[in-house]
Structure formats: C-alpha cells, structure tokens
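Contents: one structure, followed by commentary.
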Amino acid sequence: MRAAINKMIPLSVVDGPGCRTAVFVQGCNIACAYCHNPETQRLCTGCGVCVSQCPAGALSLSGKQVIWDETVCTQCDHCIQVCPNYASPKVLYMEAADVWEKISKNIPFIQGITVSGGECSLYPEFLTELFTLAGNAGLSCFLDSNGCVDFTKHPQLMAVTDKVMLDVKAWDSNVFHRLTGGDNRIVKKNLNYLAQAGKLYEVRLVCLDGESSSGLAEDKDVDMEEVIRGVAAEVTPYLEDFKLKLITFRNYGVRGKMEHGKSPTQDQMEKLKELAVQCGFKEIQIV
Ligand code: SF4
Ligand code: SF4
C-alpha cells in the first residue's frame, strides 16, 4: 500500500510521548483557515507552475508529473510558496514497507512512531500495514488526526493503533464547517469512540483570539470556551484518561484570511486553562 509522503522526521519529541519518528502524509480532507502548513493540503496536479521557478533546477515535468531531484534541492521552499494549489512537488509516493525500512533504522533511539499530515486517516490500508510492522517491532503507533474520517469504519487500523491525538477545531457545527469545510459530527463521534476505547492520547485545540476569529464565521466567532465545555461534557467519564493540549494560534505559514491573524495573549491562554480545570480536565498543557 502506498501513501504520498510529505516528509519524515527521524527523531521528534513533539509528536507524542518520548522520542518518535514522525511521518507526515500529503493531502487533507478539510482546509482550515488557520492551517500553518497549507502546502500539505492537496496533491500536486502537475500544473507546472513551480518547475520554472526552482532556482536550483531541481524540478522537471514528465507529462503531467513533476519530478523532484532531491539531490540538488536546496530546500528553499520557493516551489511551495508559488504553488497555486496548496500542494508540494517534494512528495514521494512510498510503500508502507519502504517507509518502515527507513523508520527501522531509528529503532535504538525511539519509543514509537506517529503519523500526521495532511490527514493521515486518508490512508487507512497504508497505516494498517505500517503499524503492523512497527507494532511487531515493539514500537507504539500513534495517529495525529483531524477526526474527519470515521474511525469506527476502520477496525483493522484501530486494532493496530495505540493512541490518537485528535483535533477539535470548533464545537458549533456551522462554525466548524465555515472554519474547515468539514463536518464535526464525525469528529464528535470519533471523540466518543476513542475515549471509550481507551485510545485517546490527547485532544488538541488551536486557540484563537476573538478578534482574529471574527470573520471566519458569519454568525459566530470560533468560541474556545464553548469547545472546552463541549469536549468536557461529551466525554466526562474519561477526562482523566487523556491530555488537553491548548495550542496558541500563530500565523507562521498561514495563507489567506488569517495570515495576519493575532495570537491570543498568555493571559488569555491561562484563562482558558483555568476554565479547563473547572470543567474537570486533569492534564492540561499550553503550547
Ligand atoms: S525547495 Fe523547491 S524551489 Fe527550492 S530548490 Fe527545492 S525543489 Fe527547488
Ligand atoms: S506542486 Fe503545485 S505548482 Fe508545482 S506542479 Fe504541483 S500543483 Fe503545480
């Protein structure tokens, strides 16, 4: 099974517990207004816009396919900046076995692997194969997901997945749709399913300040207090079983209407943390 791989980080300490190899797939099923790596959202269409603009001559076109020469690429990322399609030409289509071969070199240094994106759950068969290989080698297997693919429909993947880090981007379904283009009924279903199955490692909330979030939704701002209260009420019996990560919005890498959006202040973040404590969350991290 193949997946489009955007990049791999051999040793990461920010993608789950301990030291892990992180794999980032290309392609996403939603498009968040505040996405900080929008170049992972879509697959390359082969339009060729980036090819002539590569200062290193690392790109060429073969029919409708862009060929990326990794050996001469200087990683300047100019191709990503000029791509009109929120894609990247620096993507490799790899078999799960080939990804595993690269990861296995890190075994002495890592406790597990985490697959992120883009949206990792768009590649369930690839993940099942990769996680089976990693699990057999004693590594823990984590997904970092936006929760917009129904995990209950992928029991084989869930059987080899240890934990999931789940984004909850808005609680109100209309606001969620306007922020991301997606449907948060699936996110809420996954939240319940993962909590009950003991597979929720952390719930991640990207915290916006009120001013930056206004305009994302026509009738309502993205209300972080509503998200915290909503998650707490939805999975009350399990609040001690997973971490709540409050992620400070930063506009680095963001394109479109939020590219000049302001970050919430530390004071605002601490107030959200206080609310989370009142709602019953036990382990809360601000990043
Ligand atoms: S990052 Fe893109 S534009 Fe820059 S050298 Fe590599 S392929 Fe060329
Ligand atoms: S990466 Fe973007 S600009 Fe380059 S060929 Fe693909 S779609 Fe076109």
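What you see below is based on every heavy atom in this structure, not just the backbone, and it leaves out hydrogens, waters and symmetry mates. Order of appearance sets the numbers: ligands from 1, and atoms from 1 within every ligand. Remember, predicted model here, so these are calculated numbers, not experimental data.
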Measure the distance from [atom] to every protein heavy atom, then report the residue, atom name and distance (to 0.1 Å) of the closest one.
{"atom": "atom 1 (S) of ligand 1", "answer": "Asp77 N, 3.1 Å"}
{"atom": "atom 6 (Fe) of ligand 1", "answer": "Cys73 SG, 2.3 Å"}
{"atom": "atom 2 (Fe) of ligand 1", "answer": "Cys79 SG, 2.3 Å"}
{"atom": "atom 8 (Fe) of ligand 2", "answer": "Cys47 SG, 2.2 Å"}
{"atom": "atom 4 (Fe) of ligand 2", "answer": "Cys50 SG, 2.3 Å"}

Is a side-chain donor-acceptor pair under 3.5 Å present for Arg20 with Ser140?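 Yes, because at least one side-chain N or O of Ser140 sits under 3.5 Å from a partner of the opposite role on Arg20.
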
Phe142 vs Tyr201 aromatic rings, parallel, tilted or perpendicular, using cut-offs 30° and 60°?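 The rings of Phe142 and Tyr201 stand perpendicular, inter-plane angle above 60°.
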
Any donor and acceptor pair, going by atom type alone, linking the side chain of Asn85 with main-chain N or O of Cys44 inside 3.5 Å?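 Judged by distance alone, no pair lies under 3.5 Å.
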
Taking only heavy atoms of [X] into account, list the atoms of ligand 2 that are under 4.0 Å away from them.
{"X": "Val66", "result": "5 (S)"}
{"X": "Gly48", "result": "5 (S), 8 (Fe)"}
{"X": "Pro84", "result": "3 (S)"}
{"X": "Ser88", "result": "1 (S)"}
{"X": "Val49", "result": "3 (S)"}

Do [X] and [Y] sit within salt-bridge range, that is, some charged N less than 4.0 Å from a carboxylate O?
{"X": "Lys199", "Y": "Asp162", "answer": "no"}
{"X": "Asp241", "Y": "Lys282", "answer": "no"}
{"X": "Glu259", "Y": "Lys257", "answer": "no"}
{"X": "Lys271", "Y": "Asp267", "answer": "yes"}

Would you say Cys54 reaches atom 8 (Fe) of ligand 1 with an N/O/S atom under 2.8 Å?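 It does: Cys54 brings an N, O or S atom closer than 2.8 Å to atom 8 (Fe) of ligand 1.
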
Give the atoms of ligand 1, by number and element, whose distance to some non-hydrogen atom of [X] is under 4.0 Å.
{"X": "Lys90", "result": "1 (S)"}
{"X": "Ala56", "result": "5 (S)"}
{"X": "Thr74", "result": "5 (S), 6 (Fe)"}
{"X": "Gln75", "result": "1 (S), 6 (Fe)"}

N/O/S atom of Cys83 under 2.8 Å from atom 2 (Fe) of ligand 2, yes or no?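 An N, O or S atom of Cys83 is closer than 2.8 Å to atom 2 (Fe) of ligand 2, so yes.
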
Side chain, backbone, both or neither: which part of Val72 comes within less than 4.0 Å of ligand 1 when only heavy atoms are counted?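 Neither; no heavy atom under 4.0 Å.
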
Which bit of Gln53 is near ligand 1, meaning a heavy atom under 4.0 Å away: side chain, backbone, both or neither?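 Neither; no heavy atom under 4.0 Å.
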
Could you check whether atom [atom1] of [X] has more than 12 heavy atoms from other residues, nucleotides or ligands sitting under 6.0 Å from it?
{"X": "Gln156", "atom1": "CD", "value": "no"}
{"X": "Gln53", "atom1": "CD", "value": "yes"}
{"X": "His154", "atom1": "NE2", "value": "yes"}

For salt bridge (charged side-chain N to carboxylate O under 4.0 Å, His left out), just list the numbers for Arg2 and Asp98, CA-CA rounded to whole Å, side-chain angles, deciding distance to a tenth of an Å, and then say yes or no. CA-CA 9 Å; Arg2 291 198 320 165; Asp98 295 332; over 6 Å; no

Within reach of ligand 2, part of Thr45 (heavy-atom separation under 4.0 Å):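 Within the 4.0 Å criterion, Thr45 contacts ligand 2 through backbone and side-chain atoms alike.
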
What distance separates Asn190 CG from Ser121 OG, expressed to the nearest 0.5 Å?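 Answer rounded to 0.5 Å: 8.0 Å.
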
